[in-house]
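We count residues from 1, following the sequence as given.
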Amino acid sequence: MTSDEADTRRLFERYAMAVSVSGDGIWEYPAIDPEQAFHRNIPVHYSSRFPELLGYDERDFAPIAGSWWDAIHPDDLGLSSKSIADHLMTGKRMFAEYRVYNRLGEVRWWQVFGDSMPDADHKGKIRAIGVVRDITVLKTAEETARSQLELITRQQKAIRALSTPIIQLWDNIITLPLVGAVNSERAAEIMDRLLAEVVRLRVRYAILDLTGVESVDTTTGEQLYRIIRAVGLLGGQVRLSGLNPSVAQTMTSLGVDISPFITHRNLQDALQACLRDSDRFVTH
């Protein structure tokens, strides 16, 4: 054996070992006209691992393109065809991710890579070669993570809704009872929900009941001012009820313009005042 032959043998041995370790399936389209790329009966060389990924024995998997295409999920056939068409038009390497059915009818996810080159022995023809990789475990993990994220998002939305419950007291009167500290983030959520309900229910009066609020800061005071102004621009009016002495004292020392604030001792007083003003508004 010559030195070149020995080097070639070692190269093929390393190649075979790398392919075996990777677990990927190898495919090759030998010497085809580019126009034949979408023909079902063109010959394809498949490595033994390729049909194995689909649960077939080599002997049960015909070495033609149709064997591969028949395994592709019908809804994803377009992805496979597009990757081939894009490659032929632009020369970019083929890449696609799509679903396939194995021999048992189970859905698997494949990642497909490929490239082509002019065939040295056949003018005008090309050789295409590539790999397929089973990424079902990765896709399943992604789907699980996505589902968990969606669940967390729904839970957070529900928690926010519970932390800012809006109650319709009368045809054109709603209240939003607040409990705990109102920071800037929560004040922003209050504004979003309140404005949406003012528009949806065509509200004239919105009562923010602060009976359960422990403390406010400068940012919160400014947010309350913005909420009042925003509701006013929508044709409604915000009233505050249930401020405790600590919150009232803080509000007056924050340097925030409190002139637009209409306050009442408690929710009952605020509701009665809104009903009275609503009657006067209708009368006039």
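We find the CD-OG distance between E58 and S47 to be 8.0 Å, quoted to the nearest 0.5 Å. With values rounded to the nearest 0.5 angstrom, I84 atom CD1 is found 6.5 Å from M94 atom CE. Between the CZ atom of F261 and the CG atom of L224 there is a distance of 5.5 Å, given to the nearest 0.5 Å. To the nearest 0.5 Å, atom CD of residue Q237 and atom CD1 of residue I262 are 3.5 Å apart. For the atom pair CG of L194 and OG1 of T175, the computed distance is 9.5 Å after rounding to the nearest 0.5 Å. Note that CD of Q272 is 8.0 Å distant from CG of N266, once rounded to the nearest 0.5 Å.
Counting heavy atoms from C-beta outward, E52 and Y56 have side chains that stay 4.5 Å or more apart. Residues L195 and V199 are not in side-chain contact: their nearest non-hydrogen atoms beyond the backbone lie 4.5 Å or more apart. Side chains of L240 and H264 form no contact here, defined as non-hydrogen atoms less than 4.5 Å apart. Residues T136 and E106 form no side-chain contact, since every pair of their non-hydrogen atoms from C-beta on lies 4.5 Å or further apart. In this structure, the side chains of L149 and R146 stay at 4.5 Å or more apart for every pair of heavy atoms. By the 4.5 Å heavy-atom criterion applied to side chains, D209 and L176 are not counted as neighbours. Put simply, the side chain of L169 reaches to within 4.5 Å of the side chain of I207, judged on heavy atoms. Inter-residue side-chain proximity for L267 and T211 is flagged as unmet; no heavy-atom pair is nearer than 4.5 Å.
P51 and Y46 make their closest contact through CD-CB, 4.3 Å (heavy atoms, listed as atom of the first residue, atom of the second, distance). The heavy-atom pair separating R204 from G235 by the smallest distance is NH1-O, 3.6 Å. In this structure, K125 and A31 approach most closely via the heavy-atom pair CD-O, 3.7 Å.
Around atom CD of Q168, more than 12 heavy atoms belonging to other residues, nucleotides or ligands sit under 6.0 Å away. No more than 12 heavy atoms of other residues, nucleotides or ligands sit less than 6.0 Å from atom CZ of R93.
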**OP:** Output, in order, the C-alpha distance, side-chain angles, deciding distance and verdict of side-chain contact (heavy atoms from CB on, under 4.5 Å) for W68 and V132.
**Re:** CA-CA 11 Å; W68 182 355; V132 295; 3.9 Å; yes

Original post:
Which is it for R239 and D277 under the salt bridge (Lys or Arg N to Asp or Glu O under 4.0 Å) test, yes or no, and what are the steps along the way?
Top reply: CA-CA 12 Å; R239 302 200 174 195; D277 292 347; 2.4 Å; yes

**OP:** Please test M191 against Q223 for side-chain contact (heavy atoms from CB on, under 4.5 Å), starting from the C-alpha separation and ending with a verdict.
**Re:** CA-CA 8 Å; M191 176 182 282; Q223 285 279 17; 4.2 Å; yes

**OP:** Carefully, step by step, assess D70 and R40 under the rule salt bridge (Lys or Arg N to Asp or Glu O under 4.0 Å).
**Re:** CA-CA 9 Å; D70 287 342; R40 289 180 52 86; 3.0 Å; yes

**OP:** List the steps, then state whether ring-ring contact (aromatic ring centres under 6.0 Å, His included) holds for F50 with W110.
**Re:** CA-CA 11 Å; F50 192 110; W110 272 13; 5.2 Å; yes

Subject >> Stepwise side-chain contact (heavy atoms from CB on, under 4.5 Å) check, Y101 with V107 >> reply: CA-CA 5 Å; Y101 287 113; V107 174; 3.4 Å; yes

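Ring geometry for W69 against F38 counts as tilted: the plane angle lies between 30° and 60°, on a 0 to 90° scale.
Cluster annotation: I135 and V112 are assigned to distinct hydrophobic clusters (Ile/Leu/Val/Met/Phe/Trp/Tyr, side-chain heavy-atom contacts under 4.5 Å, transitive).
The aromatic ring centres of H73 and Y98 sit 6.0 Å or more apart.
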